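Structure first, then comments.
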Amino acid sequence: MDRGQHPPGWAWQWLSSHPATLHQLECSGAISVHCNLYLLGSSDCSALASRVAETTGPESSVTAAPRARKYKCGLPQPCPEEHLAFRVVSGAANVIGPKICLEDKMLMSSVKDNVGRGLNIALVNGVSGELIEARAFDMWAGDVNDLLKFIRPLHEGTLVFVASYDDPATKMNEETRKLFSELGSRNAKELAFRDSWVFVGAKGVQNKSPFEQHVKNSKHSNKYEGWPEALEMEGCIPRRSMAS
């Protein structure tokens, strides 16, 4: 789909008018509100992978406790009419890849083989809910100009779904942070090495997005060996009308 197909005049009100539709996961047992997948006891890579597998199960599961997936993208309740159901999951350390689901369609995941270290970004038409493009950008050893070329030309009405994996910020420069801030991010300016970050923004916003979670990488609070906890965010985004 041509990015230029989004009609002009879009503003953030259509997204922020239903802030209560953001559902942060409620987890049981030792799993925190951000859904820690495991507590790591070794820095060895193989031990890391083994521990993740033991506590998260197959790649299709992102929480330790199974639950019935009754609604789109596994939400615990259905979204209202003319809303888009979504779930965004950051990567777990450098072992389990991130996921972006919209309207029960997996846009990005390890199974689809289209995720990678850094920032995983899916662009979506805010009117139709159709995927425009999905790409991963290596923010440790990649070229930040590739990311800039991807997000600079966005047209109004484009939804931007972001999930971090391993390191989302080393190659970030001032322009990159400014562009994400203009998409509605509160945390892009402070994003740092190995932070966990999930975000849903849009081109043409007037206020900050209600859909964002961020956990700093800190040796005092990390839940993995060298990485903070994984994040999982779900909710309902009002579908934009052609006339808005």
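The structure presented is a predicted model; accordingly, all values stated were derived computationally and were not measured.
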Heavy-atom distance under 4.5 Å between the side chains of [X] and [Y], does that happen here?
X	Y	value
Phe137	Arg135	yes
Lys203	Leu183	yes
Val200	Val160	no
Leu131	Leu102	no
Thr158	Val124	no
Val215	Trp227	no

Between [X] (side chain only) and [Y] (backbone N and O only), is there a donor and an acceptor less than 3.5 Å apart?
X	Y	value
Ser164	Leu119	no
Arg87	Met233	no
Asn125	Glu130	no
Ser90	Leu231	yes
Asn187	His214	no
Arg240	Gly126	no

Original post:
Considering residues at least two apart in sequence or located in another chain, which fulfil the ring pair (Phe, Tyr, Trp, His ring centres under 6.0 Å) criterion with Phe199?
Top reply: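 Applying ring pair (Phe, Tyr, Trp, His ring centres under 6.0 Å) to Phe199 gives Trp197.
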Is a salt bridge present between [X] and [Y], judged by a nitrogen-to-oxygen distance below 4.0 Å?
X	Y	answer
Arg186	Glu212	no
Glu174	Lys178	no
Lys72	Glu103	yes

Original post:
Between Phe211 and Phe161, is the ring centre distance below 6.0 Å?
Top reply: no
How would you list, by chain and number, every residue that makes a side chain to side chain contact (heavy atoms under 4.5 Å, CB included) with [X], sequence neighbours excluded?
X	answer
Glu175	Leu148, Arg152, Asn173, Leu179
Asp143	Asn145, Asp146
Lys112	Met106, Ser109, Asn114
Arg117	Asp138, Trp140, Ala141, Asp166

Subject >> For Lys189, side chain to side chain donor-acceptor pair (under 3.5 Å) partners two or more places apart >> reply: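 Not a single residue meets the side chain to side chain donor-acceptor pair (under 3.5 Å) criterion with Lys189.
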Original post:
Can you name the side chain to side chain donor-acceptor pair (under 3.5 Å) partners of Ser181, sequence neighbours left out?
Top reply: none
[atom1]-[atom2] distance between [X] and [Y], expressed to the nearest 0.5 angstrom:
X	Y	atom1	atom2	answer
Phe150	Thr176	CZ	OG1	13.5 Å
Asn217	Leu191	CG	CG	10.5 Å
Glu133	Leu154	CD	CG	10.0 Å
Tyr71	Cys79	OH	SG	11.0 Å
Cys101	Leu75	SG	CG	8.5 Å
Asp167	Met139	CG	CE	8.0 Å

How close do [X] and [Y] get, heavy atom to heavy atom, and via which atoms?
X	Y	result
Gly97	Ser110	CA-OG, 3.5 Å
Pro76	Glu234	CD-OE2, 3.2 Å
Ala163	Val88	CB-CG1, 3.8 Å
Phe193	Ala169	N-CB, 4.1 Å
Asn120	Ile100	O-CD1, 3.7 Å
Val198	Val89	CG1-C, 4.1 Å

Original post:
Linking Ile, Leu, Val, Met, Phe, Trp and Tyr by side-chain heavy atoms under 4.5 Å, what else ends up with Tyr165?
Top reply: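 None, because no other hydrophobic side chain comes under 4.5 Å of this residue.
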**OP:** Kindly state each residue pair satisfying ring pair (Phe, Tyr, Trp, His ring centres under 6.0 Å) with at least one member in residues 94-114, sequence neighbours excluded.
**Re:**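 As it turns out, there is no ring pair (Phe, Tyr, Trp, His ring centres under 6.0 Å) pair with a partner in residues 94-114 once direct neighbours are skipped.
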Subject >> Residue pairs passing the ring pair (Phe, Tyr, Trp, His ring centres under 6.0 Å) test where at least one lies in residues 93-123, sequence neighbours excluded >> reply: none
**OP:** Answer yes if the side chains of Glu229 and Ser196 hold a donor-acceptor pair under 3.5 Å, and no otherwise.
**Re:** no
Subject >> salt bridge (charged side-chain N to carboxylate O under 4.0 Å, His left out) partners for Glu190, two or more places apart >> reply: none
Original post:
What residues, two or more places apart in sequence or in another chain, satisfy salt bridge (charged side-chain N to carboxylate O under 4.0 Å, His left out) together with Lys216?
Top reply: Asp195
